[in-house]
Enquirer: 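Here it is, the structure in full.
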Protein chains: 2
Amino acid sequence: MPFARRGYHHGQLRAALLHAARNLLRERGTGAFSLADAAKLAGVSPAAPYRHFRDREALLGAVARDGFVLFSARLAEAWTSHADPREAFAAMGRAYLAFARDEPGLYAAMFSQDAPLDEEGRAEAAKAFELLVKGVAGVLAAANQQGRMPMPDPLPIAMQVWSMSHGVAGLWYGGRPPACPLEPEQVLQEGVQALLEGTLAAARRRPVQVGLWNQPPDAKR
Amino acid sequence: MPFARRGYHHGQLRAALLHAARNLLRERGTGAFSLADAAKLAGVSPAAPYRHFRDREALLGAVARDGFVLFSARLAEAWTSHADPREAFAAMGRAYLAFARDEPGLYAAMFSQDAPLDEEGRAEAAKAFELLVKGVAGVLAAANQQGRMPMPDPLPIAMQVWSMSHGVAGLWYGGRPPACPLEPEQVLQEGVQALLEGTLAAARRRPVQVGLWNQPPDAKR
DNA sequence: TGTACATCAGTGAACGCGCGTTCACTGATGTAC
DNA sequence: TGTACATCAGTGAACGCGCGTTCACTGATGTAC
């Protein structure tokens with residue numbers, strides 16, 4: 001039992017509440033989460049949380065913010081754990097799904113409007129997305145070492161990858177798993193693989209335009 | 001006001017409750033949905049719904065089932081509205097997103113474990129997925145009119161397309177829309193485009209093996 | 001080192017609310033004779 | 001055609017519950033002198 005209280009004053013109630021809330025989120029959903037239960041789990045009266053959070057929403061928002069911090073850390077860890085960008089990117093995908101699998105309630109809260117993110121929370125969410133963009137850019141650069149093709153804009157591709165990851169996570173870990181016998185990791189891995197391959201194939205069809213990198217072909221007129 | 005009651009007996013309370021529940025789901029989320037409000041919206045006492053549904057979950061499950069029926073209809077409509085499989089498939093994607101945009105609460109309920117599907121409901125959900133598989137198979141066949149490459153199994157591809165669609169829907173219509181300036185329709189359309197292109201590129205690399213269609217290359221030993 | 005006091009984290013009882021669900025009932029409907 | 005009666009959809013009042021939140025309070029902590 002981490003964050004156990006020591007006396008009349010808890011000492012680290014804020015951290016204990018965040019911890020308890022995450023556990024509740026894991027067992028029940030975002031909707032079933034209750035402030036009273038979080039307080040009880042932290043071994044404290046139902047009024048105590050109000051010393052640290054304005055209301056229920058504020059606690060949920062803080063949990064979601066911490067969720068994005070943890071999420072970013074896991075993605076960054078996966079990215080730096082491999083030298084080859086393609087392997088690193090694949091590891092990122094596995095880390096993404098592992099996070100959604102192990103913390104489905106937290107993951108759902110992070111992307112739900114029930115847990116309103118403050119400015120800092122939105123910055124943390126943006127940071128996680130930046131990691132994905134960096135990963136996509138790395139894979140694209142690795143596939144284009146000779147600079148034979150115009151570099152596609154990594155942002156829409158990252159958004160497509162994010163969408164597929166979010167979709168796989170939602171379908172398998174967010175509700176009813178699909179009836180088909182496919183493994184979510186495989187679906188995502190092969191899907192992203194094909195997605196990148198198709199993008200690169202399209203890019204190879206366009207002539208290299210030195211000085212016009214990252215610009216769409218129509219922009220020259 | 002559809003399904004308005006006429007006298008002491010409502011006449012079509014079951015349908016009215018399903019209608020009211022869908023409206024509530026549209027305005028609030030799955031979590032905030034309440035049986036009492038559905039009854040009030042249908043102009044009936046809070047005990048009346050129990051004549052037609054075992055409990056709150058049963059009503060939600062019935063709403064979800066009807067949601068899948070409507071969803072399938074929209075997808076089928078889009079598919080049959082174009083002769084060219086590629087155009088039809090693109091229309092299906094747009095129909096998918098339009099459904100999730102116009103009925104976000106219903107869409108969320110359909111994929112949430114809060115609304116337990118009965119046998120019939122699961123069959124309806126499977127039917128919607130079948131339409132997607134049919135669409136993928138149609139596009140693959142159109143790209144392979146000369147029979148030059150082994151036909152890839154449409155099922156995992158359909159699952160990847162479903163995941164990306166579900167992810168785009170979840171990100172843009174299910175919570176916080178992403179900060180990036182991309183349109184969800186464009187992200188999905190281009191993503192699926194690249195995904196299919198990559199899959200076809202991979203398939204072209206394999207030699208045609210007459211009599212071994214739909215079998216993975218390793219299966220020959 | 002000791003003491004008075006400000007600060008503030010946590011208490012516990014209470015509130016109002018809305019919800020899911022039950023229950024004895026009432027009134028409309030339709031069917032058997 | 002008329003009447004008695006079974007059926008059953010909807011009533012309304014009530015229940016128990018859990019929740020978010022407030023409020024006057026209490027007790028520990030740390031700081032100024």
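Numbered from 1 within each chain, the chains take letters A, B, ... in sequence-line order. Worth saying up front: this structure is predicted, and the values here are computed from it rather than measured.
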Enquirer: Regarding A/E185 and A/R94, does a basic nitrogen lie under 4.0 Å from an acidic carboxylate oxygen?
Expert: no
Enquirer: Give each protein N/O atom lying under 3.5 Å from an N/O atom of nucleotides 17-24 of chain C, with the pair distance.
Expert:
unit_1 : atom_1 : unit_2 : atom_2 : d
C/dC19 : OP1    : B/D37  : OD2    : 3.4
C/dG20 : OP1    : B/L35  : N      : 3.1
C/dG20 : OP1    : B/R56  : NE     : 3.0
C/dG20 : OP2    : B/L35  : N      : 3.0
C/dG20 : OP2    : B/A36  : N      : 3.1
C/dT21 : OP2    : B/Y50  : OH     : 2.9
C/dT21 : OP2    : B/R56  : N      : 3.1
C/dT21 : O5'    : B/Y50  : OH     : 3.4

Enquirer: Does any pair with a residue in residues 156-168 of chain B pass salt bridge (charged side-chain N to carboxylate O under 4.0 Å, His left out), and if so which ones, sequence neighbours excluded?
Expert: none
Enquirer: Inspect the contact between B/D37 and B/R28 and indicate whether a charged nitrogen and a carboxylate oxygen are less than 4.0 angstrom apart.
Expert: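 So B/R28 pairs with B/D37 through a salt bridge.
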Enquirer: Please verify the inter-ring angle class for B/H166 with B/Y107; under 30° counts as parallel, over 60° as perpendicular, anything in between as tilted.
Expert: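 Plane angle between 30° and 60°, so tilted.
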Enquirer: Got a donor-acceptor contact below 3.5 angstrom from the A/R176 side chain to the B/S112 backbone?
Expert: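 Side chain of A/R176 to backbone of B/S112: a pair is present.
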Enquirer: Of all the base pairs, Watson-Crick or G-U under 3.5 Å, which form stems of three or more consecutive pairs involving DNA chain D?
Expert: C:2-33 with D:2-33
Enquirer: Determine which pairs satisfy salt bridge (charged side-chain N to carboxylate O under 4.0 Å, His left out) with at least one residue from residues 45-63 of chain A, sequence neighbours left out, and list them in order.
Expert: none
Enquirer: Show every donor-acceptor pair shorter than 3.5 Å between a side-chain atom in residues 118-127 of chain B and any protein atom, with sequence neighbours excluded, or say none if there are none.
Expert:
unit_1 : atom_1 : unit_2 : atom_2 : d
B/D118 : OD1    : B/E120 : N      : 3.4
B/D118 : OD1    : B/G121 : N      : 2.7

Enquirer: Nearest whole angstrom, please: distance from the P of C/dA9 to the CZ of A/R14.
Expert: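 Whole-Å distance recorded here is 12 Å.
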Enquirer: Under 3.5 Å, side-chain donor or acceptor atoms of residues 68-82 of chain A against the rest of the protein: list the pairs with distances, not counting sequence neighbours.
Expert:
unit_1 : atom_1 : unit_2 : atom_2 : d
A/S72  : OG     : A/F68  : O      : 3.1
A/S72  : OG     : A/A128 : N      : 3.4
A/T80  : OG1    : A/A76  : O      : 3.0
A/T80  : OG1    : A/E77  : O      : 3.2
A/S81  : OG     : A/A78  : O      : 2.7

